[in-house]
Amino acid sequence: MDSFIVSARKYRPASFATVVGQDSITNTLKNAIRNQQIAQAFLFTGPRGVGKTTCARIMAKTINCESLTPEGEACNSCPSCVSFAKSSSFNIYELDAASNNSVDDIRNLVDQVRIPPQAGRYKVYIIDEVHMLSQAAFNAFLKTLEEPPAYAKFILATTEKHKIMPTILSRCQIFDFRRIGVEDIATHLAFVARSEQIEAEPDALHVIAQKADGALRDALSMFDQLVSFAGNSLTYKQVIENLNVLDHDYYFKITDSILAGDISTTLLTLNEIIDNGFEGQYLITGLGQHLRDLLVSQDKETVKLLDTSANIRNLYLQQASRCNPGFLLKALDTCNDYDINYRISNNKRLHLEIALMQLCMLANPEAPSMIKAAPGPEITRQAAPVQKPVTPVAPVDKPLAEIRPEIPAPVVSPQAEKAEIKPSPVNPQAASQPKNTPTQSYSGMNIGNLMNPGSKNLVTEPAAGAEIVETEMPVMSEVFTQADLERVWTEMAGVVAQKLPNLYTTLTCRVPVLHDDNRIVITVDNKIQEGEVFNNRPEIVKFLRSKLSNTSVSIETVVTDKPVEERRPYTDTEKFEAIARNAPDIRKLKDQLNLDIEM
Ligand SMILES: [Zn+2]
């Protein structure tokens, strides 16, 4: 009875030429052998199952071969090659560091190294999973690696290069083995299938190759397993059922219904997929991959990034021609977001459904079908409620009432209006703070009404904002100086002093500075003050523009950590000193009347 040999062993490459998907490495090694420039130590690193040990063995055989072929391959017929083929060569020594990682194991190896080869030229020491060696073992090994005898060659293999000590790394020639491409794996599987007289559909082999994620050994194991189940013919359907892979048909189907904006079909397809036992996250990741594949299919240059069989490639090309790149990018972004948030979602199915409905909306923003029955996307897309026009409120009796009547009044945002009607001491605007304003809270209110009472535009204008202010005002370009600015600034501070003490403090803390292009820089102490200015920015700008008769005025805040040079007077004594500095007569008066300042 034939004993079964797993394909990974049976079809293990015996020459550099047959190593799958590592051409640059095998070419370099062949060249080194041909030119007799073989390093003392090599480090083969890369993911598992990509051919590191295989290459190490081929290397051991080839450098011992007595009659190399012109290509730099072993002849496979000389006594050395024959003994390698029978696994009876004494010139190869393999140590699996995963299970033999003690100092003693390494000492054994070091003892072996001292003995020269009885036949052949080189003794080759292959240490697999070398990162598993203990620290002490590493140290014991270092000396040998530093000054090995000329006949000794070391090939260290690891999946985790970062765990290798730099002292070891610096003594090795390093070869990075890459994941093997889907196409290469599929081709190799086809070769194995042919050799085993198994009829396998190319699509089936591609699915195996994709699932193997770059590891040929995994692909061959899966292949063996599937063949033992399916017998001598391997179909796509059998493969996706056994590997629990979601049929690409589903992705095409769901993308078609998304493109059509057909929410019903999309949700039904999702239901079918879930009924088939697939994890939701699997679908969303897979859909992301599908969209990515569609995107790369749109360009002749990138179509080679598609890791599929020719058959499926055509399906991609067809579907890609019906998508626009803008949609694909946005859809990819959406898939990615939902993928990231999937784990933290409480209702995973709803999470998926919303994702798909959003994709339908993206593809067909005007008229996705079934929109009444599925309001999900509608709601999420209009998270910010439309601001209702507000009725004008009674103007506050302030000295600014008469400013420039030809300038349309600014628009009052809803929270300002609220604050006006009900000047509650507890932060009245907190609940209705619009999304885009900073989160800093301040206990004042919007200065819009204060500075520009008698607004007439409140009913017609939908929202407040600096942009609106900019478009409303007729262009003015009067020249003004820093002194003009300071005068207007003081006036503005006076207007807000009563109602907005915090803003008043912020505005009067430092002198604003006029820069080029009528840019006014306001230095503030902290983020809260910055928020204060930000929240009232449109009104401040409007006030300055109208008072300075210049519509190019803009403001900008700078947060500083320098203390104010001159602290604002706080105690009565400080206040007196401040006044007395400007009006020396006051001091005289105090002295003459022998007044006491402290209460
Ligand atoms: Zn040979």
Side-chain angles (χ1 to χ4, degrees), residues 3 5-46 49-96 109 112-128 130 144-145 148-157 172-177 180 184 187-188 191-192 194-196 216-217 220:
S3 63
I5 304 171
V6 297
S7 298
R9 266 187 64 197
K10 189 169 177 184
Y11 295 96
R12 190 188 271 276
S15 66
F16 286 126
T18 50
V19 172
V20 178
Q22 305 290 0
D23 290 351
S24 63
I25 290 176
T26 51
N27 285 336
T28 312
L29 292 175
K30 272 192 286 187
N31 279 333
I33 294 169
R34 263 203 306 253
N35 299 328
Q36 299 281 321
Q37 288 172 330
I38 308 161
Q40 288 275 238
F42 298 85
L43 179 71
F44 289 178
T45 111
V50 296
K52 297 186 297 294
T53 315
T54 301
C55 275
R57 288 184 188 156
I58 295 171
M59 178 88 182
K61 178 173 80 172
T62 312
I63 60 179
N64 275 304
C65 176
E66 288 154 28
S67 53
L68 278 184
T69 67
E71 291 81 36
E73 297 274 15
C75 69
N76 285 327
S77 53
C78 68
S80 169
C81 287
V82 170
S83 68
F84 266 100
K86 286 194 287 186
S87 304
S88 60
S89 174
F90 289 108
N91 287 350
I92 183 163
Y93 186 99
E94 284 190 50
L95 179 83
D96 179 14
L109 181 127
Q112 289 262 345
V113 173
R114 296 211 188 95
I115 308 164
Q118 305 301 303
R121 295 166 65 190
Y122 298 107
K123 276 179 110 177
V124 179
Y125 298 86
I126 299 173
I127 306 180
D128 231 339
V130 68
T144 312
L145 196 60
Y151 54 79
K153 301 285 175 199
F154 294 95
I155 302 176
L156 316 180
C172 296
Q173 214 171 66
I174 299 171
F175 288 86
D176 280 305
F177 283 66
I180 304 168
D184 284 339
T187 311
H188 187 68
F191 158 74
V192 172
R194 263 198 314 278
S195 314
E196 294 286 307
L216 185 60
R217 189 169 59 217
L220 288 167

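FYI, side chains are in, hydrogens and waters are out, and symmetry mates aren't considered; it's all heavy atoms of this structure. Order of listing sets the numbers, starting from 1, for every ligand and every atom in it. Predicted, not measured: the structure shown is a model, and the values here were computed from it.
In this structure, Ile33 and Phe16 have side chains that are in contact, with non-hydrogen atoms separated by less than 4.5 Å. Within the 4.5 Å cutoff, no side-chain heavy atoms of Val124 are placed close to those of Met59. Contact annotation: the side chain of Ile92 approaches that of Arg57 to within less than 4.5 Å [non-hydrogen atoms, C-beta and beyond].
When the side chain to side chain contact (heavy atoms under 4.5 Å, CB included) test is applied to Ala85, no partner is found at least two apart in sequence or on another chain. Here Phe177 pairs with Phe44 under the ring pair (Phe, Tyr, Trp, His ring centres under 6.0 Å) rule; sequence neighbours left out. In terms of the side chain to side chain contact (heavy atoms under 4.5 Å, CB included) criterion, residue partners of Pro149 (sequence neighbours excluded) are, by chain and number, Val113, Tyr151, Ala152.
Near-neighbour remark for the Zn ion (ligand 1): protein N, O or S atoms under 2.8 Å are Cys65 SG, Cys75 SG, Cys78 SG, Cys81 SG; waters not counted.
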